[in-house]
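Have a look at the structure below before the remarks.
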Amino acid sequence: MIDEIKVDIKKSLAKAVQEAFQLSKSPDDISVDIQTKPEFGEFSSNLCVQLLKPTGKKQEEIALEIILRFEKPELVESVEVMEAGGVYYLNFFLDFPEFGDKVLREVLSSKDDYGKSDYHKGQKLLLEHSSINPTGPINVGRVRNSLIGDTMAGLARAVGWDVETHFYVDDMGKQVATIAWGIENKVSEKYSLTFDERGEPVLEKSDGPAKNELLSRYEKYADKPDFKVFFTYVPTTKLIEDENLDSEIDELAERCEKGDEESIGRLKKVVDDVLAGQKQTLERLGITFDSFDFASRFVLDGSARKAIENLKELPQSLELDTGANAIDLSEFGLERRGGGTVFQRPNGTSVYIVRDVAYHRWKLGQADANLIVLGEDHKVEFKELKTILKLLGDLKDDNLLDVVHFAFVGMKGRRMSTRKGVIVSVDELLDEGIERAEEEVRKRNEELDDEKVAEIAKQVAIGAIKYHMLKVQTMKQLTFSWEDALDFEGDAAPYVQYAHARASSILRKGGVFEDASIPENIVFTNDSERDLTRLISHFPSIVFTAAAERRPHLLADYAYKLATQFTEFYHKSPVLGAEEEEVKESRIAMVKATKQTLRNCLSLLGIESPDRM
RNA sequence: GGGCCCAUAGCCUAGCCAGGAUAUGGCGUUUGGCUUCGGACCAAAAGAUCGAGGGUUCGAAUCCCUCUGGGCCCGCCA
C-alpha cells in the first residue's frame, strides 16, 4: 500500500509540474521518499530544488505553483512546504485514521503473507549457496554464506519467485583425495598428532595406539562425521607435506578427473560423510536444500568434456608454452599472469573452471534466473565464469546470473587455520550459545519445565547468532568474537524476540484470540500509536528493496526499529488498562499487527519468534 | 607491480549505488527508573575533523581524482 501511495503522489506531482511549467517529467524521475521522521510527514520530496534549473524560478515560487495544482491522491490529507538548509521540501501527510485503519486491516488479514508480493510470480529462481568444501565441519567463517543464502531464498520467495536452493559439492578436489588417501592408509592410526608452542602440527610415527590432539580438543564432537574427517585431514596434509607424497594424491585426483568410477567412488565415500555432518549443522540452523549437486556428475555425464571442446573452439582460446590450454580474457579486463585462464593441463586433465562451466550451463537450463552467494575471494573467478558463459552463448542476459558477494569473517587475535587445527565450528558456537541462553531463560521463567526452557534457549541462541551475522552489510568484514555473537542485549535478536514475547503476553493476558478480527473503528489517540502503525506499513517496501538489491541486513535493521517502536508504544499506551473500550480494542489490533510483522520479518531472517522467553 | 572491497565517537554499525532537513542505532561510560500489560527494558547525559587531501556542485558521509591503513584476488588449488 505504501508503495502504491508513493506512486500516486509521483503521478500527481508529474501532472502538476506539466501544468505549471509545461515540463514533461516521468513520474519515475520524480524523487519521493518514504519519510522516517514523522514530523516531516509520511512522504517527502525535494522536487523544488530539482526544478531550479529547468524552470529558472525560485523554490518558493515552484513550491507554490506545484501545490496549487497538486491533486491529492487517495489517503493523502495535506502537503506542506518546509524550508531547511536552503531546500524547500514538499512533505506529504496522510489521512491518519483512514490510512492506519487500512494498514492494520491489511496486516491482520494477510497474516504470514504480510510483506509479500507476487512481483516475480511464475518465475523460477535457482539459488546456489553454502557450497562448503567437504573437508571438515562448518566454521563461523563459512556460515556467513549459508545465512545470507538462506535469507536471500526467503526474500526471493517473498517477492514471488519459485525458489530452488542448491548446494554444490566438490567431490573431485585434491583436498578430498587427500582425505580418502589418509583414511585408506590409516594415517590417524599410524601417526600421533600434536601441536607445538607455535601451533604448528607435529607428526610422529606411533608404536602403540596413536594419539590425536584434535580428538581431545574437540572431544565433544568425536563421533560427528565431519569432525572425524577433519581429524584425519590435518595429519594427512602434514604427512604429505613432510614426505612429499603429492604425486600419490595427484594420481588419485587425476583418475577421478578422467572419470574413473572406482576412484570417484572412493572420494564420494569421504564426501558423503562430511556432508552428513555438515547437513546436521545446517539443520540445527534450520537451513535445508532442495538439491545437492555433485561435481563428479558433470564428469561422468560427459558435459565437462563437452565444455572443454567448446572452450577450445572459442577465438580467445590458446595453447600455452607448457602445453596447457587456456582462454585469454584480457579483452574483458580479466588478465592472468600466464597469458590466460587455464582450463586444461598438459596431461589432459581439466581445471575446476571446466566443471564450473558445465555446472552453470546445467543450472541456467533449470530456471528463469540464477543467483549465487559467493565469498569475495571468488570475485574474479565469478567474472571469468560469467564472461565464458557469455562467449559460449549460454548466458544471453547478464541479469540471468547474479551474485551476492560477502567479505570474510576474521578472528580477533589468532587466525583460523585448518592446517593448525584451529577452527571455530558452528557446532561449538551453537552449543555455547544455547548453554548461555538456557541460563537466562531459566532465570526468567521458573515455572517452565526443562524441555520448554531448552526449546526457547535454542530459539534465542540461534536467533542471536544469525542476527549478529546478518545485521551487517555483506561486504563489510566481520571480526568474530564470542561476546559479540552471543550478546543478548541491545541491537540483537533477543531484543526483537522479547518485543514479540511481550506482545504475545499482552494478548494472552487479555484473553484475546489471535485472529484477524479488528474493530469497526480504529482510533489513534497518540503519536506512539501512529508511529508504530506507520512503521508497520513500511515492511512490504523493506522486503521488496532487500530482495531486489540483495541487502539482507535491511531486514535486521527493520526488525530492530519495529521492536524499539513497539517498546515505546508499550510504555506510553497501556493496552489492557486503556480507559475506553474503543481505545483498548484499537490498541489490541496494533499489538496483533506488530506481533505479526515482527514474526514475518524474523522469519525471513530464519529466526523464530517465541511467545515467551 | 596490477585489480576489487572496506574505512563513520573508546568499540561495533546505518545512511553511500539513485547528493539535499540537526549524520542512524547499539555496546561501553555517567545519572535516574521495578506496589503500573514481562527490567533480555526504559528515560537522560557525555562521546563524530564521516581515514587524509584535492575537485565537481547552490549543496558532498554520499559523485570524481590522489594518497594512507586493513581485507581479498592476480595457482596448470578448488
Side-chain angles (χ1 to χ4, degrees), chain A residues 29 31 35-37 39-40 44 46 48-50 52-53 59 82-89 91 131 133 135 170 172-176 253 295 320 322-326 333-338 341-347 349-353 355-356 375-381 383 405-408 410 437 440-441 443-445 460 464 468 471-473 475-479 481 483-484 487-499 501-510 549 553-554 556-557 560-561 564 567-568 570-578 587 591 612-613:
Chain A
D29 295 335
S31 74
Q35 212 8 289
T36 50
K37 293 182 181 172
E39 65 266 34
F40 298 142
S44 58
N46 60 357
C48 300
V49 72
Q50 294 188 341
L52 271 176
K53 272 191 186 151
Q59 286 190 69
M82 294 185 189
E83 190 271 341
V87 178
Y88 283 70
Y89 292 91
N91 291 335
S131 304
N133 264 338
T135 52
D170 180 21
M172 302 279 305
K174 220 166 155 173
Q175 287 173 309
V176 182
L320 301 176
T322 58
N325 286 89
L334 296 162
E335 317 251 354
R336 284 270 176 169
R337 271 176 185 158
T341 308
V342 172
F343 60 88
Q344 187 175 40
R345 306 185 185 94
N347 68 3
T349 59
S350 68
V351 181
Y352 75 94
I353 191 129
R355 292 182 288 279
D356 244 8
E376 62 173 340
D377 53 335
H378 286 81
K379 268 189 174 178
V380 174
E381 174 214 329
K383 273 189 192 159
H405 285 299
F406 63 93
F408 272 2
E440 297 294 318
V441 176
K443 217 160 58 190
R444 294 171 168 85
N445 299 277
V460 170
H468 173 70
K471 74 172 174 179
V472 180
Q473 189 205 331
M475 276 316 294
K476 202 134 175 166
Q477 293 155 225
L478 278 181
T479 306
S481 88
E483 306 83 69
D484 292 345
D487 192 354
F488 298 156
E489 278 161 26
D491 185 6
Y495 178 93
V496 183
Q497 290 172 319
Y498 185 66
R502 272 176 156 177
S504 299
S505 175
I506 292 175
L507 299 179
R508 200 164 48 233
K509 289 232 162 88
E549 300 180 4
H553 77 276
L554 294 180
D557 209 63
Y560 185 74
K561 273 189 197 141
T564 306
T567 306
E568 189 185 323
Y570 179 90
H571 286 282
K572 291 187 178 162
S573 312
V575 178
L576 302 177
R587 288 180 179 168
V591 172
R612 57 178 85 209
M613 58 188 277

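Because the structure is a prediction, the values reported are computed rather than measured. So that the names make sense, note that chain A is the first sequence line, chain B the second, and so on, each numbered from 1. The figures that follow rest on heavy atoms only: side chains count, while hydrogens, waters and symmetry mates do not.
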For [N], does either OP1 or OP2 sit under 4.0 Å from a side-chain N or O belonging to [X]?
X         : N       : result
Tyr498(A) : rA40(B) : yes
Lys476(A) : rA14(B) : yes
Arg444(A) : rA40(B) : yes
Lys37(A)  : rU22(B) : no
Arg345(A) : rA78(B) : yes
Gln473(A) : rA14(B) : yes
Ser505(A) : rC37(B) : no
Arg337(A) : rG2(B)  : no
His571(A) : rG38(B) : no

Is there a donor-acceptor pair closer than 3.5 Å between any side-chain N or O of [X] and the backbone N or O of [Y]?
X         : Y         : answer
Gln59(A)  : Gly86(A)  : yes
Gln35(A)  : Phe40(A)  : no
Gln473(A) : Met475(A) : no

If the [atom1] atom of [N] is compared with that of [M], how far apart are they to the nearest Å?
N       : M       : atom1 : answer
rA23(B) : rC34(B) : C1'   : 35 Å
rG25(B) : rA46(B) : P     : 15 Å
rA61(B) : rC17(B) : P     : 12 Å
rA48(B) : rC37(B) : C1'   : 39 Å

### Query
How is Met613(A) classified with respect to the nucleic acid when contacts are heavy atoms under 4.0 Å: base, sugar-phosphate, or nothing?
base

Under 3.5 Å donor-acceptor pair, [X] side-chain atoms to [N] base atoms:
X         : N       : result
Asn91(A)  : rA21(B) : yes
Ser44(A)  : rA21(B) : yes
Gln477(A) : rG70(B) : yes

For this session: Answer yes or no: does atom CZ of Arg612(A) have more than 12 heavy-atom neighbours from other residues, nucleotides or ligands under 6.0 Å?
Result: no

Ranking rC5(B), rC37(B), rC58(B) by distance to the side chain of Lys53(A), first place goes to rC58(B)

Winner on side-chain proximity to Glu381(A), out of rU22(B), rA78(B), rA40(B), is rA78(B)

Between the NE2 atom in His405(A) and the CG atom in Asp377(A), the distance rounded to the nearest 0.5 Å is 9.5 Å

Given that both distances must come in under 3.5 Å, which nucleotide forms a Watson-Crick or G-U wobble pair with [N]?
N       : result
rC4(B)  : rG71(B)
rC58(B) : rG20(B)
rC34(B) : none

Judged by nearest nucleotide, the residue sitting upstream toward the 5' end of RNA chain B, Asp377(A) or Gly577(A), is Gly577(A)

Check whether the aromatic ring of Tyr495(A) stacks on the base of rA40(B), taking stacking as ring centres less than 5.5 Å apart and planes within 30° of each other. no

